[in-house]
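These notes are about the structure you will find just below.
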Amino acid sequence: MKIVISSGHGLHVRGANNFIDEVNEARRVVSQVVKYLKELQVEVIEYHDNTSKTQRDNINRIVALHNSLERDLDVSVHLNAASKTDDPRGVEVLYVSESGRVITEKVSDAIARASGLRNRGAKKRSDLVFLNNTKKTAIIIEVCFVDSKADVEIYHNKFNEICKAIAESLTGKETEGVTTVQAPKAEVKTEVVTKPSESKPASSGNSYIKKFQEWLKNEYKYQIALDGIFGPKTKKIALMALQTELNRQFNAGLIVDGIWGPRTKDAILTVSSGAKGNITRVIQGMLYCLGYDPKGFDGIFGNGTYFAVIAFQKNNKLTQDGVVGKNTFAKMFK
Ligand SMILES: [Zn+2]
């Protein structure tokens with residue numbers, strides 16, 4: 001079983017805030033649930049959006065991240081908020097599909113049982129982008145109300161029990177030794193803690209690498225073996241293609257030699273979401289070659305490319321901004 005779990009809203013797109021802050025707490029819950037899931041040997045990827053500036057971008061980015069990964073279950077963690085006039089309390093879990101309903105009831109029951117939070121139960125919601133647009137069984141956990149003093153007190157006292165109950169009810173497994181697990185720090189995690197499970201090692205013949213080689217051969221008339229294997233020759237020719245494009249599009253005046261040197265590095269410009277064309281194709285081709293999956297070799301810098309770049313940057317200890325600039329190109333071609 002593979003799970004992708006994300007926190008609601010984002011670093012720049014804040015959620016509810018009263019006695020506690022929804023975004024910060026949802027992140028803590030997700031991170032602690034992930035620890036328990038890993039104890040249970042469950043494959044899990046966590047995601048927190050640190051990039052989006054608008055609500056629409058935020059939800060689209062979260063949905064796209066979920067849909068870009070291989071998984072059985074999509075989970076989103078939120079904390080609830082009430083209007084001033086009413087005083088609701090407790091946990092509720094939201095679903096839209098029938099498969100979601102079953103697991104939703106289990107999760108809500110488990111959290112209530114483990115913590116003493118009131119059980120508001122499973123609620124069907126057909127108006128939520130996350131539930132409607134993720135393509136697997138999806139649920140949203142509203143842990144408790146940020147504006148209920150009683151809820152927040154329980155939440156603080158039973159934090160580990162709540163997270164453990166979530167992990168166990170999502171999987172039907174039981175963790176051991178809950179008390180030995182350290183309480184997490186209330187810190188904001190960095191973007192995308194993930195090595196996408198569909199990343200393929202570049203060792204054996206790969207149809208996308210072959211596609212890239214065919215394109216290099218047809219577009220630039222280079223002599224290159226179409227074997228779907230990434231080696232020094234393919235890397236060199238990919239860099240020659242990049243140098244050619246920098247010359248054609250930006251009059252960079254580079255010698256097209258497939259060698260990564262200071263002049264090539266200087267000529268590099270920044271490529272980011274929305275870009276289209278042959279430089280984006282080179283980036284996508286190189287991502288496939290290096291074991292990442294940009295979800296297509298179409299020359300369009302969309303979400304698939306963005307998340308593959310983020311994963312590449314993370315694994316290479318680069319700033320994870322999803323933008324391909326001098327340092328990211330350098331890691332690809334050096
Ligand atoms: Zn929320």
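What you see is a predicted model; the values in this text were computed from it and never measured.
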Does the [X] side chain pair with the main chain of [Y], one donor and one acceptor, at a distance under 3.5 Å?
X      : Y      : result
Asp151 : Cys144 : no
Ser31  : Arg28  : no
Asn206 : Gly228 : no
Gln32  : Asn160 : no
Thr171 : Ala167 : yes
Lys173 : Leu40  : yes
Lys221 : Asn218 : yes
Ser108 : Thr104 : no
Ser115 : Leu117 : yes
His12  : Asn50  : yes

Donor on one side chain, acceptor on other, [X] and [Y], under 3.5 Å:
X      : Y      : value
Glu22  : Asn17  : no
His78  : Ser76  : yes
Thr264 : Gln243 : yes
Tyr306 : Ser272 : no
Arg89  : Asn80  : no
Asp57  : Thr54  : no
His66  : Ser6   : yes

Hey, could you give me the [atom1]/[atom2] distance between [X] and [Y], rounded to the nearest 0.5 Å?
X      : Y      : atom1 : atom2 : answer
Glu245 : Thr280 : CD    : OG1   : 10.0 Å
Ile140 : Glu142 : CD1   : CD    : 7.0 Å
Asp147 : Ile20  : CG    : CD1   : 9.5 Å
Lys149 : Asn18  : NZ    : CG    : 10.0 Å
Asp127 : Asn132 : CG    : CG    : 7.5 Å
Thr244 : Gln249 : OG1   : CD    : 10.5 Å

Check this for me, if you would: do Lys295 and Asp293 make a salt bridge, where the nitrogen-to-carboxylate-oxygen distance has to be below 4.0 angstrom?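 So Lys295 pairs with Asp293 through a salt bridge.
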Quick one: do Asp72 and Lys2 make a salt bridge, cutoff under 4.0 Å?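 Judged by the 4.0 Å cut-off on N to carboxylate O distance, Asp72 and Lys2 do not form a salt bridge.
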Please indicate whether [X] has more than 12 foreign heavy atoms, meaning atoms of other residues, nucleotides or ligands, lying under 6.0 Å from its [atom1].
X      : atom1 : value
Lys326 : NZ    : yes
Glu214 : CD    : yes
Leu269 : CG    : yes
Lys276 : NZ    : no

Under 4.5 Å between side-chain heavy atoms, hopping through other hydrophobics if needed: is there a path connecting [X] to [Y]?
X      : Y      : answer
Ile259 : Leu254 : no
Ile300 : Leu287 : no
Ile162 : Leu37  : yes
Val271 : Phe250 : yes
Leu73  : Val102 : no

Where does the angle between the aromatic ring planes of [X] and [Y] fall among parallel (under 30°), tilted (30 to 60°) and perpendicular (over 60°)?
X      : Y      : answer
Phe307 : Tyr47  : perpendicular
Phe159 : Tyr155 : perpendicular
Phe333 : Trp260 : parallel

How about Phe297 and Tyr208: are their ring centres within less than 6.0 Å of each other?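 Here the rings of Tyr208 and Phe297 have centres that are no less than 6.0 Å from each other.
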Would you call Arg71 and Ile5 a side-chain contact if the rule is heavy atoms closer than 4.5 Å?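 Side chain of Arg71 against side chain of Ile5, heavy atoms only: no contact under 4.5 Å found.
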Closest approach of Ala138 to Phe130 (non-hydrogen atoms, all atoms of both residues):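 Residues Ala138 and Phe130, closest heavy atoms: CB-CE2, 4.0 Å.
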For Asn247 and Gly253, work out which heavy atoms get closest and say how close.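 Reported closest heavy-atom pair: OD1-N, 3.0 Å.
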What's the verdict on side-chain hydrogen bond (donor to acceptor under 3.5 Å, both in side chains) for Tyr292 and Gln284, showing C-alpha distance, side-chain angles and the deciding distance? CA-CA 9 Å; Tyr292 297 83; Gln284 291 173 328; over 6 Å; no
What verdict does the side-chain hydrogen bond (donor to acceptor under 3.5 Å, both in side chains) test give for Ser52 and Asp49, after you've listed the backbone C-alpha separation in whole Å, the side-chain angles of each residue and the deciding distance to 0.1 Å? CA-CA 7 Å; Ser52 306; Asp49 175 21; 2.6 Å; yes
What residue pairs, at least two apart or across chains, pass salt bridge (Lys or Arg N to Asp or Glu O under 4.0 Å) with a residue in residues 95-119?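 Every pair satisfying salt bridge (Lys or Arg N to Asp or Glu O under 4.0 Å) with a residue in residues 95-119: Glu98-Arg101, Arg101-Glu105.
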Apply the test salt bridge (charged side-chain N to carboxylate O under 4.0 Å, His left out) to residues Asp257 and Lys236: give CA-CA distance (whole Å), side-chain angles for both, the deciding distance (0.1 Å), then the verdict. CA-CA 8 Å; Asp257 56 5; Lys236 184 172 181 177; over 6 Å; no
Among Val96, Ile62, Val129, Asn67, which one satisfies side-chain contact (heavy atoms from CB on, under 4.5 Å) with Thr134?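 The option that passes is Asn67.
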With respect to Pro294, which candidate in Asn303, Ile283, Thr305 satisfies the side-chain contact (heavy atoms from CB on, under 4.5 Å) definition?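 Among Asn303, Ile283, Thr305, the one that satisfies the side-chain contact (heavy atoms from CB on, under 4.5 Å) with Pro294 is Thr305.
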Pair Glu168, Lys164 - check salt bridge (charged side-chain N to carboxylate O under 4.0 Å, His left out), show working. CA-CA 6 Å; Glu168 292 184 348; Lys164 182 185 173 221; 3.8 Å; yes
